[in-house]
Amino acid sequence: MTCVFAGCSAKDSCGSAEVLPTSANNSDGIYDSGTAATPQVTDRKLIRRVNMRTETEDLNTLLTAVDEKVAQLGGYVEKRSVQTGSRYASYEQSRYAELTIRIPAEKLDAFVSHVSNVSNVTSSSESAEDVTLKYVATESRKKALEAEEARLLTLIEKAANLTELLQLESRLTEVRTELEQVISTLKLYDNLVDYGTVVLDISEVKALTPKEEPSFGQRIADGFSGSMEDLGRMVT
């Protein structure tokens with residue numbers, strides 16, 4: 001068990017000082033704050049991810065259009081793979097590309113819309129993970145470790161003997177190592193929240209897949225909705 005030295009003075013030996021257990025980190029690397037009260041959540045921390053499968057008759061032209069839009073929106077391509085071969089149990093040779101793209105979160109919808117306009121999207125999905133509570137807990141842990149680091153530095157200056165000094169310095173090393181891990185976790189969260197992720201799977205095809213026609217029931221519903229709107233305008 002890792003311990004925090006509490007209140008060692010120059011006259012008292014740390015061997016007899018009270019020790020407090022630190023908060024244990026959980027399995028996913030996010031640290032508990034160690035405080036009884038839950039910090040106030042002011043804004044949500046969402047990690048957005050979009051998966052798109054799309055087709056084009058000219059892969060080079062589409063890749064250029066995607067690159068230009070990514071640059072325009074202030075994003076970047078994290079990973080890119082362009083290959084030639086057969087896909088999905090088909091023996092027909094074709095080119096395809098797989099891209100992992102990071103786009104500023106507030107511009108993610110604009111990028112997705114652009115891809116839909118310049119290519120034939122055959123499937124897409126989106127997920128949003130709320131990491132607000134984990135982020136707040138990690139921030140709280142960071143503040144606790146920083147406070148402990150400051151206390152340990154003060155105690156080291158007042159160490160009464162070599163044994164006490166070595167114990168304090170050992171604990172300081174542990175605190176600083178954990179603090180680096182917590183700061184790294186916060187930076188990772190910031191990057192994932194600030195930049196949405198788009199996984200783009202592009203196939204170059206000779207003929208684009210036709211869009212699905214709406215069902216008979218959907219056409220009736222759309223027609224009824226349009227009639228009601230027309231009626232509403234006539235009444236007003």
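Note that the numbering runs from 1 along the sequence shown for the chain. Everything numeric in this text was worked out from a predicted model, so none of it was measured.
- Under a hydrophobic clustering in which Ile, Leu, Val, Met, Phe, Trp and Tyr are joined whenever their side-chain heavy atoms come within less than 4.5 Å, directly or via other members, Leu188 and Tyr135 fall into the same cluster.
- Residues Thr154 and Arg151 are not in side-chain contact: their nearest non-hydrogen atoms beyond the backbone lie 4.5 Å or more apart.
- Among all heavy-atom pairs drawn from Leu59 and Val82, the shortest one is CD2-CG1, 4.1 Å.
- Under the side chain to side chain donor-acceptor pair (under 3.5 Å) criterion, Thr173 pairs with no residue, sequence neighbours left out.
- Taking the salt bridge (Lys or Arg N to Asp or Glu O under 4.0 Å) definition, one finds that Lys142 meets it with Glu146, sequence neighbours left out.
- Distance alone, capped at 3.5 Å, places no donor-acceptor pair between the Ser113 side chain and the Asp109 backbone.
- Shown here are the salt bridge (Lys or Arg N to Asp or Glu O under 4.0 Å) partners of Glu55, two or more places apart in sequence or in another chain: there are none.
- Residue Leu46 belongs to no hydrophobic cluster, having no ILVMFWY side-chain heavy atom closer than 4.5 Å to its own.
- For Asp190, the salt bridge (Lys or Arg N to Asp or Glu O under 4.0 Å) criterion is met by no residue, not counting sequence neighbours.
- With sequence neighbours excluded, no residue satisfies side chain to side chain donor-acceptor pair (under 3.5 Å) with Ser123.
- Every residue was checked against the ring pair (Phe, Tyr, Trp, His ring centres under 6.0 Å) condition with Phe111, not counting sequence neighbours, and none meets it.
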Handout entry: Check against salt bridge (charged side-chain N to carboxylate O under 4.0 Å, His left out), Glu57 and Lys206
Key = CA-CA 6 Å; Glu57 295 175 321; Lys206 294 181 179 179; over 6 Å; no
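- For Thr54 (side chain) and Asn120 (main-chain N/O), a donor-acceptor pair under 3.5 Å exists by modelled atom type.
- When the options Asn191, Val70, Val198, Val77 are evaluated for a side chain to side chain contact (heavy atoms under 4.5 Å, CB included) with Arg102, the one that passes is Asn191.
- Evaluated for a side chain to side chain contact (heavy atoms under 4.5 Å, CB included) with Glu148, the options Val175, Leu179, Leu172 yield exactly one hit, Val175.
- Here the shortest heavy-atom pairing between Leu99 and Leu63 reads CD1-CD2, 3.9 Å.
- Listed by first then second residue, pairs satisfying salt bridge (charged side-chain N to carboxylate O under 4.0 Å, His left out) with a partner in residues 63-76 read Asp67-Arg80, not counting sequence neighbours.
- The salt bridge (charged side-chain N to carboxylate O under 4.0 Å, His left out) pairs that include a residue from residues 117-131 are Arg44-Asp130, Arg48-Glu126, where partners are two or more places apart or lie in different chains.
- A distance-only check finds a donor-acceptor pair linking the side chain of Thr185 to the backbone of Gln181 [under 3.5 Å].
- Looking at residues two or more places apart in sequence or on another chain, you find no side chain to side chain donor-acceptor pair (under 3.5 Å) involving Asn51.
- Not a single salt bridge (Lys or Arg N to Asp or Glu O under 4.0 Å) links Glu106 to another residue, sequence neighbours left out.
- When hydrophobic side chains of Ile, Leu, Val, Met, Phe, Trp and Tyr are connected at separations under 4.5 Å, Val205 ends up clustered with Leu208.
- Residues Leu153 and Leu155 share a single hydrophobic cluster, defined by chaining ILVMFWY side chains whose heavy atoms lie under 4.5 Å apart.
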